[in-house]
Amino acid sequence: MDTMRDRFIATTTRLLDEDPRIAVVLAEISRDGFGPAERAHPHRVVNVGIREQLLIGAGAGMALTGMRPVMHTFASFLVERPFEQVKLDLGHQGVGGVLVSAGASYDWPAGGFTHMAPGDVALLDTLDGWTVHVPGHPDEAETLLRRSVRGDGRVYVRLSLQSNRAARAVGGPGFETVRRGDGGGVVIAVGPMLDNVLEATEGLDVTVLYATTVRPFDAASLRRAAGAHGTTGVVLVEPFLAGTSTAAANDALTDLPHRILGLGVGRSELRRYGQMPDHLVAHGLDPRSLRQRITGFLHP
């Protein structure tokens, strides 16, 4: 199976052929993959070099002319390093664009903490008007990317090497009910966390919701799942900073009795980088750890 990043390159290359409004702005990362597209569309595939602030500024300038820019690099260099440009060049100027990241929270541990971005979604939460997609499979990444380039808003598509075994339909922005329980609690699995959550909750009386679009947060689906049983516990399992969506979930359930546990990447820096499975275990996001944490919270 190809990776989400592979699918992004192939899909965007086709989109450049299909839609003259689309442009791609790169900062060296993935330039080799976009080689054929750069030769075919030299004025709409622009590599600015290792200048991430310019990456956003150039994309915003294109958007001001009516183009639909797709800006791409590792998450830490796309959201964190040029955050002022994301805030001002896109947000303050009121223009749209599509940020597509690679690397996620710890896809390339050998690259060190400079190439890790568990706080990217939390950082974007400080800005207004962003849609955030977190696909869990390359097929979902393609669907969400195609949806993102059609509009005019500000969209972040967060890609990862971690992937669920099978794709699910992501035709709408709402959460999908994957498994329905009878009052034992609600677990929301975000993007590539779904397989681990399903394994962790096998045999448990819980409702499992699947989220690939986390902003805007689907309050209605959570309310339906939680409100059906009165008092309930809600567990959020996110592949980024733990607790990123707990405020949104609390707001959704403000008039219902509830408890919320946010699971995700911890704040402590892991300095022995290891491999991705090591990070999943260290942050308690492997199936065994998730089962212990979920049952400990829902059934203390």
Side-chain angles (χ1 to χ4, degrees), residues 2-13 15-16 22-38 41-42 44-63 67-91 95-124 127 130-135 138 141-142 144-145 148-149 154-163 191-192 239-241 265 273 276:
D2 56 351
T3 66
M4 295 187 201
R5 185 174 170 191
D6 293 334
R7 186 69 63 88
F8 157 66
I9 293 171
T11 301
T12 307
T13 297
L15 288 169
L16 285 161
I22 294 174
V24 174
V25 190
L26 304 171
E28 293 297 340
I29 303 303
S30 301
R31 187 181 185 186
D32 288 347
F34 279 104
E38 187 176 10
H41 306 284
R44 290 193 289 127
V45 179
V46 178
N47 177 51
V48 301
I50 307 175
R51 300 175 179 88
E52 287 82 8
Q53 289 85 351
L54 179 59
L55 169 77
I56 303 300
M62 292 176 176
M67 301 182 76
R68 186 62 168 161
V70 177
M71 295 152 275
H72 168 68
T73 184
F74 289 133
S76 56
F77 307 144
L78 185 65
V79 176
E80 295 177 336
R81 181 172 292 176
F83 180 70
E84 184 178 14
Q85 284 67 40
V86 173
K87 171 185 171 182
L88 298 178
D89 295 3
L90 293 172
V95 296
V98 183
L99 306 183
V100 181
S101 69
S105 294
Y106 37 68
D107 276 8
W108 186 37
F113 204 51
T114 57
H115 288 67
M116 299 180 186
D120 53 351
V121 177
L123 190 56
L124 282 178
L127 303 178
W130 280 87
T131 295
V132 178
H133 298 308
V134 188
E142 178 172 351
L144 294 168
L145 176 64
S148 299
V149 299
R154 293 182 288 279
V155 184
Y156 179 42
V157 183
R158 189 183 203 264
L159 305 183
S160 177
L161 285 175
Q162 187 180 359
S163 176
F240 33 81
L241 189 66
V265 181
Y273 296 130
M276 187 189 300

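Numbers for residues simply follow the sequence, beginning at 1. Just so you know, these numbers come straight off a predicted model, no measurement behind them.
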Give a yes-or-no answer on whether the side chains of R81 and T114 include a donor-acceptor pair shorter than 3.5 Å. no
Could you check L161 against W108 for side chain to side chain contact (heavy atoms under 4.5 Å, CB included), going step by step and ending with a plain yes or no? CA-CA 9 Å; L161 285 175; W108 186 37; over 6 Å; no
Aromatic plane relationship, F77 with H115 - under 30° parallel, 30 to 60° tilted, over 60° perpendicular: perpendicular
If I take atom CG from residue L124 and atom CZ from residue R154, how far apart are they, to the nearest 0.5 angstrom? 10.5 Å
Straight-line distance of R68 CZ to S148 OG, nearest 0.5 Å: 7.5 Å
With a 6.0 Å cut-off (strictly less than), is the heavy-atom count around CG of L88, excluding the residue itself, greater than 12? yes
Closest heavy-atom pair and its distance - A23, M62: CB-SD, 3.7 Å
Rounded to the nearest 0.5 Å, the CZ atom of R158 sits from the OG atom of S105 at a distance of 3.5 Å
Apply the test side chain to side chain contact (heavy atoms under 4.5 Å, CB included) to residues L78 and L55: give CA-CA distance (whole Å), side-chain angles for both, the deciding distance (0.1 Å), then the verdict. CA-CA 8 Å; L78 185 65; L55 169 77; 3.8 Å; yes
Let me confirm one number: the CD-CG distance from E38 to D32, rounded to the nearest 0.5 Å. 10.0 Å
4.5 Å side-chain heavy-atom contact, F34 and N47: no
Search all heavy atoms of L144 against all heavy atoms of P135 and return the closest pair with its distance. CD1-CB, 3.8 Å
Any non-hydrogen side-chain atom of V157 less than 4.5 Å from a side-chain atom of F8? no
Go through L159 and V100 one step at a time and tell me if the side chain to side chain contact (heavy atoms under 4.5 Å, CB included) criterion holds. CA-CA 7 Å; L159 305 183; V100 181; 3.6 Å; yes
Measuring from R44:CZ to L16:CG, what's the distance to the nearest 0.5 Å? 5.5 Å
If I take atom CH2 from residue W130 and atom CG from residue L90, how far apart are they, to the nearest 0.5 angstrom? 5.0 Å
List the atom of F74, the atom of S101, and the distance in Å for their closest heavy-atom pair. C-CB, 4.5 Å
Could you please spell out the steps behind the side chain to side chain contact (heavy atoms under 4.5 Å, CB included) verdict for L99 and I56? CA-CA 9 Å; L99 306 183; I56 303 300; 3.8 Å; yes
Determine the minimum heavy-atom distance between S30 and R5, stating which atoms define it. OG-NE, 2.9 Å
Within the 3.5 Å criterion, strictly below it, is a donor on D107 or Q162 matched to an acceptor on the partner's side chain? no
Show the nearest heavy-atom pair for residues V155 and H133, with the distance to one decimal. CG1-CD2, 3.6 Å
Check P192 against V134 and note the closest heavy-atom contact, atom names and distance. CD-CG1, 4.1 Å
